[in-house]
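All residue numbers in this chain count up from 1 along the given sequence. When a ligand or atom number is given, it counts from 1 through the structure's own listing order.
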Amino acid sequence: MEEENAVRVLVTGATGRLGRVALPRLRDEGHTVRAVSRRARSDAGVEWVAADLATGEGLAAAVDGVEAVLHLASSPDRRTHQIDVLGTRRLVLAAGHAGVGHLVYVSIVGVDRVPLGYYRHKLAAEQVVAAGQVPWSVLRATQFPEFLEELLRSASRLGPVLGDRAVLAQPVDPGEVAGRLAAMLAAGPTGRIEEFGGPEVLRYDEAVRAWRAARGSRRPLLPVRIPGRLGRELRAGGLTTTATPTGTRTWADHLADTYGGTGRR
Ligand SMILES: NC(=O)c1ccc[n+]([C@@H]2O[C@H](COP(=O)([O-])OP(=O)(O)OC[C@H]3O[C@@H](n4cnc5c(N)ncnc54)[C@H](OP(=O)(O)O)[C@@H]3O)[C@@H](O)[C@H]2O)c1
């Protein structure tokens with residue numbers, strides 16, 4: 001059913017971790033969704049279009065006839081400047097030509113403080129959005145618990161869990177981020193950057209302890225202090241926010257859902 005303030009929205013990054021939970025959430029809120037992937041796809045309830053931010057191919061057709069764009073696509077590991085920064089510019093230009101009324105960009109808490117290459121690109125992409133002709137809003141979210149788990153898995157490849165125990169994190173459930181994004185689409189452009197984090201700030205060693213307990217693992221934590229400004233920012237809470245409201249689902253909730261009482265590794 002069409003709700004008040006519902007919009008026709010194009011979602012980039014629709015196949016990603018956030019995109020997959022955002023699509024049903026947007027539909028539940030009454031929005032009409034068109035979804036982008038680089039590959040042709042078909043699923044009931046969503047109109048899929050093929051487009052590539054790296055080349056601009058398909059973007060004009062993708063934005064044609066929508067009122068809003070929710071821009072989630074990103075490429076942290078390869079061609080990040082080409083896809084995140086220049087690709088965002090291509091998208092903003094195409095959306096401007098098509099008369100799109102609102103572009104919502106998803107960024108990360110700390111992109112303006114924490115000296116990581118990926119974050120520099122995300123900050124540059126925020127600036128592209130803010131300088132473009134399409135009215136905009138930005139939501140900076142903290143880390144998804146699945147991302148924190150990937151990090152912990154790779155930190156324990158050699159046996160013990162390596163890491164700086166005083167680094168602070170604030171995992172947030174991607175479903176709750178999607179809910180916030182659906183509300184932002186309904187509210188219209190603000191020209192502002194909002195932040196959204198999880199319900200609790202955890203030290204790395206606390207997060208590791210809970211993760212090990214959930215998986216029935218006895219791997220020890222081997223402290224490795226992250227040097228320089230990066231370490232200082234991470235320990236000072238560069239990845240966390242005091243913004244309210246926050247999500248409600250905790251790291252413990254995520255671990256209980258993922259591992260239950262199985263102790264599965
Ligand atoms: N992960 C976190 O903890 C976290 C936290 C806060 C904010 N964020 C932000 O949230 C957003 C979504 O993150 P995620 O973890 O859901 O991402 P993800 O799972 O890595 O998915 C990336 C998406 O980007 C799309 N993509 C990549 N290259 C593309 C290209 N050249 N053209 C068009 N689409 C392209 C992919 O689509 P196809 O492969 O289908 O083409 C895919 O849907 C990102 O902007 C990220 O910075 C993430």
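At a threshold of 4.5 Å between non-hydrogen side-chain atoms, the residues L148 and W251 count as touching.
Within 4.0 Å of ligand 1, heavy atoms belong to protein residues G13, A14, T15, G16, R17, L18, S37, R38, R39, A51, D52, L53, A54, L72, A73, S74, I83, V106, S107, I108, Y118, K122, A141, T142, Q143, F144, F147.
Atoms CG and CG, on L162 and L151 in that order, are 11.0 Å from each other to the nearest 0.5 Å.
Among residue pairs with one or both ends in residues 106-132, those qualifying as ring-ring contact (aromatic ring centres under 6.0 Å, His included) are H81-H121; sequence neighbours excluded. Pairs engaging residues 102-116 under the side-chain hydrogen bond (donor to acceptor under 3.5 Å, both in side chains) rule: H102-S137, Y105-K122, S107-E126, D112-R140 [sequence neighbours left out].
Grouping Ile, Leu, Val, Met, Phe, Trp and Tyr by side-chain contacts under 4.5 Å, direct or through others, puts V201 with L168.
Pairing each heavy atom of A40 with each of A50, the nearest pair is N-CB, 4.5 Å.
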